[in-house]
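Residue numbers start from 1 in every chain, and the chains themselves are labelled A, B, ... in the order their sequence lines are given, proteins ahead of strands. Excluded from the calculations below are hydrogen atoms, water molecules and symmetry mates; all remaining heavy atoms, backbone and side chain alike, are included.
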Amino acid sequence: MSADLYGQAIKDLAAAETARLDSPDASATLDNPLCGDKVTLDVRLADDGRVAETGGAVKGCLLCKAAAAVLAERAPGLGADDAAALAADVAAMLKQGAEPPFPALAAFVPVRGHKSRHGCVLLPFKVLAKALGR
Amino acid sequence: MTSAIREAFPVLGRAGFHYLDSAAMAQTPGRVVEVVAAHDLAARANVHRGLHEMARLADDAYDAAREAVAGFLGAGADEVVFTGGCTLALNIAARALAGRLGPGDTVAVSRLEHHSSCLPWLALAAERGFELRWLAVTADGRLDPAGLSVIDRRCKVVAVTHASNVTGAVTDIPLVAGVAHAAGAVLVVDGAQMAPHGKVDPRALGADFYAFSGHKTYGPTGVGVLWGRREVLAELPPALFGGGMVGEVSDTGFTWAEPPRRFEAGTPPVAQAVGLAAALDWMAGLDWPAVRARLALLTRRMLDGLTALPGVGIVGPGEMEARLPVVSFTVAGCHPHDLSHLLAGRGVAVRGGHHCAQPLMRVLGLDEGCVRASLAAYSDAADVEALLDGVAAAIAVLR
Ligand SMILES: Cc1ncc(COP(=O)(O)O)c(C=O)c1O
């Protein structure tokens with residue numbers, strides 16, 4: 001059933017407001033041309049080159065917005081390699097049934113059975129990796 | 001009457017299945033599938049190239065398919081070009097006309113166009129140096145007659161859709177043809193959405209080219225039609241090159257075959273053309289005034305039922321005049337993708353997104369696209385009620 005995708009946890013996450021950063025250190029945008037989702041992520045880096053803060057704009061469905069909100073929580077402290085690994089782990093969670101890489105992602109486990117929606121969840125994670133040069 | 005129509009479509013017998021995505025691809029009668037299979041089992045050979053019995057049977061079947069399309073369009077068979085689809089048909093028209101276009105010229109394209117009808121011209125504009133001008137639409141998604149004033153003596157081609165795949169609005173083609181021809185421009189009409197709703201007569205409408213696809217017209221995938229006015233086709237060069245479109249080939253050049261073959265390079269979609277003819281034959285057996293009247297009632301019900309739901313906005317005309325049974329809508333606070341997925345979970349097949357019409361989405365301010373429900377001759381009241389119930393339920397889930 002597709003209604004089970006839209007639990008309260010996902011809806012609450014998707015309701016989070018995001019805003020672009022002023023003069024970010026890095027930015028990237030990716031879109032999903034088939035469904036029209038588009039995620040832009042701005043990143044401010046700490047002195048050690050890891051993420052200090054993110055901002056951005058999400059034009060997308062509820063799943064994409066919720067995923068972006070989870071990512072914004074998780075991103076501080078991540079380096080480029082971490083971001084690429086995280087995107088791969090989220091893909092593995094959706095496509096291969098791997099465990100969620102961290103607890104907040106458990107809300108997305110029901111998306112596994114809906115292949116056409118995997119891209120919606122993955123998009124923000126791919127954008128962070130891209131912003132960090134991956 | 002609907003039940004007799006529905007019986008022709010084996011897939012519609014599936015319980016709880018409500019197919020409201022016919023504008024993307026119509027379902028096909030079982031008879032069409034059988035005709036395609038029978039052709040491949042008994043008359044499979046390449047056309048125009050062999051003298052053996054199978055080749056003769058294939059030639060006869062292919063020629064008969066062309067005659068059938070000609071009959072559907074009230075045209076001559078020499079005006080009917082088979083292509084791989086509507087997109088290819090529109091690209092062939094653009095390519096064939098390309099040599100006439102250069103700096104100082106303009107091509108006018110409506111904002112209602114599907115990407116298949118505007119991108120060939122956008123791409124050519126960059127290549128040939130002409131200016132592309134967009135024809136305006138009204139707030140309710142119709143071609144704006146006032147916007148036709150951009151068509152002047154510099155305009156060489158006007159490209160418009162006969163009916164919008166998003167708003168369902170039917171364009172006044174004779175009006176556009178009058179303006180285009182007064183300026184000396186050629187009129188290319190995208191009939192992909194109109195052809196599934198009964199016979200069309202592109203010559204009487206004033207078109208110079210008219211394209212449609214098999215798969216939206218109850219026929220097979222992989223086939224489309226480019227109708228070209230005989231006088232116009234005769235003067236144009238081929239757009240694609242290969243076997244079949246040629247006369248004599250020397251080391252330095254070649255002569256062109258006569259239309260329509262001039263525009264059919266390579267092995268054409270033979271079995272698919274035969275299937276399209278079977279689909280048009282099935283369509284010819286319907287009482288179209290009755291079908292249209294029934295679909296108009298269902299469309300009215302969809303418009304009224306959707307508008308009564310919280311936050312729903314219709315993308316397209318609210319009135320029934322000059323509109324197809326194609327209804328697009330948005331729901332405030334609900335993304336089209338989420339809505340479509342929830343509807344799919346209830347067996348209701350619709351489409352959400354930009355519908356390959358980004359220039360239109362932009363001007364209508366539909367950043368996130370919209371949901372589209374589209375009917376065909378087999379659609380019934382149960383389909384529409386399932387949609388309305390499904391949208392109400394989806395809103396309750398998403399809000
Ligand atoms: C208005 C319109 N034009 C063109 C096309 C493209 O047709 P085809 O799929 O046959 O290439 C479509 C189909 O999506 C359409 O709706």
Side-chain angles (χ1 to χ4, degrees), chain A residues 1-20 29-40 56-70 94-95 107-127, chain B residues 16-18 21 24 114-116 119 165-166 311 315 328 330-372 386-387 389-399:
Chain A
M1 204 38 215
S2 37
D4 63 359
L5 292 183
Y6 300 99
Q8 197 57 46
I10 293 273
K11 289 202 277 186
D12 290 345
L13 284 168
E17 293 291 331
T18 53
R20 301 290 307 264
T29 298
L30 280 177
D31 56 13
N32 184 344
L34 287 183
C35 64
D37 288 352
K38 180 170 173 182
V39 177
T40 300
V58 181
K59 193 189 94 183
C61 63
L62 218 120
L63 297 180
C64 186
K65 284 190 172 136
V70 168
L94 293 170
K95 294 175 191 299
F108 296 89
V109 165
V111 183
R112 274 181 190 152
H114 301 271
K115 195 162 173 246
S116 64
R117 306 302 298 275
H118 291 176
C120 311
V121 177
L122 275 171
L123 196 61
F125 294 92
K126 289 185 178 166
V127 181
Chain B
F17 176 55
H18 298 288
D21 196 21
H114 187 279
H115 293 163
S116 296
L119 294 190
N165 66 313
V166 177
V315 179
S328 291
T330 55
V331 182
C334 301
H335 194 275
H337 207 176
D338 296 317
L339 286 165
S340 311
H341 195 187
L342 284 165
L343 285 165
R346 299 169 65 98
V348 178
V350 297
R351 192 154 291 255
H354 53 54
H355 309 288
C356 298
Q358 289 182 35
L360 177 66
M361 294 291 130
R362 200 159 43 248
V363 77
L364 294 180
L366 299 174
D367 219 24
E368 302 194 320
C370 53
V371 179
R372 178 184 71 192
L387 170 77
D389 291 347
V391 175
I395 294 172
V397 170
L398 293 172
R399 284 248 179 96

ring-ring contact (aromatic ring centres under 6.0 Å, His included) against A:His118, all qualifying residues, sequence neighbours excluded = none

Solution key, residues 389-399 of chain B side-chain donor-acceptor pairs under 3.5 Å, sequence neighbours excluded:
residue: B:Arg399; atom: NE; partner: B:Ala332; partner atom: O; Å: 3.4
residue: B:Arg399; atom: NH2; partner: B:Ala332; partner atom: O; Å: 2.8

request  = With sequence neighbours excluded, tell me which residues meet salt bridge (Lys or Arg N to Asp or Glu O under 4.0 Å) with A:Arg20.
outcome  = A:Asp42

inquiry  = For the CZ atom of A:Arg117 and the NE2 atom of B:His341, what is their distance to the nearest 0.5 Å?
reply    = 5.5 Å

ask   = Among residues 58-68 of chain A, which ones touch chain B with a heavy-atom distance under 4.5 Å?
value = A:Lys59, A:Gly60, A:Cys61, A:Leu62, A:Leu63, A:Lys65

